[in-house]
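All heavy atoms count here, side chains included; hydrogens, waters and symmetry mates do not. Starting from 1, each residue takes its place in the sequence as its number.
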Amino acid sequence: MLAIIGICLFSGYRIGNFYHNYQLETLSQQQTRLEQLYQQQDKQLSRINTLEVELEVERLANQQSQALLKSMEQDHYQVKKELAFYEKVMAPEKRADGLVIDSFALWASKSDNHYLYRIVLVQQQLKRSSAKGYVDFSISGSLDNKPTELSLAKVSTKELAKLDFSFQYFQIIEGELELPAGFIPEKVAISATIPKGRWQKYYRIDENYLWSKLVKNDP
């Protein structure tokens, strides 16, 4: 019996020692595997951070490229606009003959109902002589829920019934206007008239503009 007990104890010790070493080896392998996974995770995180930085750099570069492209487009548009303007002035054979209202623009000032305006007139004639006449405009809209039309004399900050001009190639007319409180502007009708005189024939041109498309924030 003692021999059997001794054999059992010895066998149990050996088996337990075997399983203990097996568990230690397995634990060591799992620890090594875990460390490898941590290292892979660190590499992946580092790669992700690098990609995020590269993506942000590409995004900023793309924004700069878009801004540069937009600026170039604006410059190109401005150059084309200026070229078209001077073509009207210097190459009238490509355009209709006579006086032209090249543009009419409005800018809102910091004061309520107060605006700045600019009118550009161009004379398109092969044989140029001084064009003398006047510009007039009226603003139609609503006041107290009633259709209302305001003449230049009613909205001008100065006592003006008309805007005189005298030029050979082009002229810029600038001024200020102030609308009555509560007036809702809708449309502007502008006319440029050359009255009949000794050296010139009667001529008139009319243009209409929507107020919503005229007003700008900065001159």
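You'll find the side chain of Q40 reaches within 4.5 Å of the side chain of L37, heavy atoms only. Under the 4.5 Å side-chain criterion, counting only non-hydrogen atoms from C-beta, E58 is not in contact with N62. The shortest side-chain heavy-atom distance between F183 and T148 falls under the 4.5 Å cut-off. Side-chain contact check for Y202 versus T193: some heavy-atom pair is nearer than 4.5 Å. Considering only heavy atoms from C-beta on, L106 stays 4.5 Å or farther from L116 through its side chain. Between L99 and F167 there is a side-chain heavy-atom pair separated by less than 4.5 Å. Counting heavy atoms from C-beta outward, Q63 and L60 have side chains that approach closer than 4.5 Å.
The heavy-atom pair separating V188 from L214 by the smallest distance is CG2-CD1, 3.8 Å. Taking each heavy atom of L179 and P185 in turn, the nearest pair found is CD1-CG, 3.8 Å. Minimum interatomic distance between V100 and I205 (heavy atoms only, all atoms of both residues): CA-CD1, 4.2 Å. Between F137 and L163, the shortest heavy-atom distance links the atoms CE2-CD1, 4.1 Å. Across all their heavy atoms, P180 and L150 have their closest contact at CD-CD1, 3.4 Å. Closest non-hydrogen pair, H114 versus T157, comes out as NE2-CG2, 3.9 Å.
Interatomic distance, I139 CD1 to L152 CG, rounded to the nearest 0.5 Å: 8.5 Å. Taken to the nearest 0.5 Å, the OG atom of S103 stands 8.0 Å off from the CZ atom of R118. Rounding to the nearest 0.5 angstrom, the gap separating the CD atom in Q36 from the CD atom in Q31 is 11.0 Å. To the nearest 0.5 Å, atoms CZ (R59) and CD (Q64) are separated by 10.5 Å. A distance of 10.5 Å separates CG in L34 from CD in Q39, rounded to the nearest 0.5 Å. To the nearest 0.5 Å, atoms CD1 (I48) and CG (L55) are separated by 12.5 Å.
I101 is not connected to Y134 by any chain of hydrophobic side-chain contacts under 4.5 Å among Ile, Leu, Val, Met, Phe, Trp and Tyr, and they are in different clusters. Hydrophobic clustering, with ILVMFWY side chains joined whenever heavy atoms are under 4.5 angstrom apart, keeps I190 apart from L210. Y209 and I184 are not part of a single hydrophobic cluster, where members link through side-chain heavy atoms under 4.5 Å apart.
Under the 3.5 Å distance criterion, the side-chain polar atoms of S46 are left unmatched by any main-chain donor or acceptor of D42. Of the possible polar contacts, none joining the Q171 side chain to the L121 backbone as a donor-acceptor pair under 3.5 Å is found. N49 places a side-chain N or O within 3.5 Å of a backbone atom of L45 that can act as its donor or acceptor partner.
A tilted orientation is assigned to the rings of F104 and Y117, their planes being inclined by 30° to 60°.
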